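Structure first, commentary second.
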Amino acid sequence: MTRHDGRELAAVFVGGALGTLARAGLAVLAAPEPGHWPWPTFIVNILGAFLLGYFTTRLLERLPVSSYRRPLLGTGVCGGLTTFSTMQVETVTMLEHGNWALAAGYTAASIAAGLLAVAIATAMVRRAAVRR
């Protein structure tokens, strides 16, 4: 039987709640119109990719090992903030309305911008001077 660390699960829960609240707030403030670029989802997914690259690199390469930082920030906050499922639903809706170019552009831009965001965040952490 696998034992789970309750504090680690709590860190994921708290981080996930914070990330989800941030995403939901943006979605309410800037709900996209059908047939238009879904900026709220695009923004949170790119921001989440950037934060994941930043947190992962910083936590693994710059800070002392912690059992709770990565579950809180990576799995929790970034997992709650980003939403691949919403991106997929929006893409399918675009396709159902005949917006093939928009759907292809949105998917390609999301993947490319997400990878670029991770690369930029990782490079930023690695270029920062290490304070002793």
Side-chain angles (χ1 to χ4, degrees):
M1 183 191 304
T2 304
R3 292 188 169 242
H4 297 284
D5 181 346
R7 293 174 293 185
E8 185 176 335
L9 292 174
V12 172
F13 176 80
V14 169
L18 294 172
T20 300
L21 287 172
R23 176 175 35 92
L26 183 60
V28 168
L29 290 174
E33 296 290 324
H36 292 86
W37 192 273
W39 285 107
T41 305
F42 184 78
I43 290 168
V44 298
N45 284 342
I46 304 316
L47 176 62
F50 179 87
L51 291 173
L52 188 59
Y54 178 86
F55 292 147
T56 300
T57 306
R58 183 139 170 89
L59 294 174
L60 292 176
E61 297 180 10
R62 300 286 192 202
L63 296 175
V65 176
S66 167
S67 298
Y68 308 111
R69 286 185 193 128
R70 202 165 71 181
L72 172 72
L73 299 171
T75 306
V77 171
C78 293
L81 178 64
T82 60
T83 175
F84 185 73
S85 59
T86 300
M87 182 190 131
Q88 295 305 304
V89 169
E90 290 167 345
T91 302
V92 168
T93 301
M94 291 173 197
L95 294 172
E96 288 174 343
H97 286 93
N99 297 313
W100 293 87
L102 182 63
Y106 177 52
T107 301
S110 294
I111 293 168
L115 290 171
L116 182 61
V118 169
I120 290 170
T122 299
M124 283 175 54
V125 171
R126 289 182 176 157
R127 286 195 177 133
V130 178
R131 294 183 189 158
R132 303 250 179 215

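Quick caveat: nothing in here was measured; it's all calculated off a predicted structure.
Note: M94 CE to T107 OG1 = 7.5 Å, rounded to the nearest 0.5 Å. Rounding to the nearest 0.5 angstrom, the gap separating the CD1 atom in I43 from the CH2 atom in W37 is 11.0 Å. F13 contributes atom CZ, which lies 10.0 Å from atom CG of L18 (distance to the nearest 0.5 angstrom). Between the OH atom of Y54 and the CG atom of L59 there is a distance of 9.0 Å, given to the nearest 0.5 Å. Rounded to the nearest 0.5 Å, atoms CG (L81) and CG (L21) are 11.0 Å apart. Here the CZ atom belonging to R69 is positioned 14.0 Å from the CD atom belonging to E8, to the nearest 0.5 angstrom.
When the side chains of ILVMFWY residues are joined at heavy-atom separations under 4.5 Å, either directly or via intervening members, V12 and L52 end up in two distinct hydrophobic clusters. L73 and Y68 are members of different hydrophobic clusters when ILVMFWY side chains are connected at heavy-atom separations under 4.5 Å. A continuous path of ILVMFWY side-chain contacts below 4.5 Å connects L102 to W39, so both sit in one hydrophobic cluster. By the rule that hydrophobic residues join a cluster once side-chain heavy atoms approach within less than 4.5 Å of another member, F55 and V44 end up as members of one cluster.
The aromatic rings of F42 and Y106 sit tilted, their planes meeting at an angle between 30° and 60°.
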Kindly determine whether T41 and E90 satisfy side chain to side chain contact (heavy atoms under 4.5 Å, CB included), including the steps that lead there.
CA-CA 9 Å; T41 305; E90 290 167 345; 2.8 Å; yes
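The closest side-chain heavy-atom distance from N45 to M87 is below 4.5 Å. Looking at heavy atoms from C-beta onward, R70 lies in side-chain contact with L60 at the 4.5 angstrom threshold. Residues L95 and W100 form a side-chain contact, since some pair of their non-hydrogen atoms from C-beta on lies under 4.5 Å apart.
Considering every non-hydrogen atom in both L51 and C78, the closest pair reads CB-SG, 3.8 Å.
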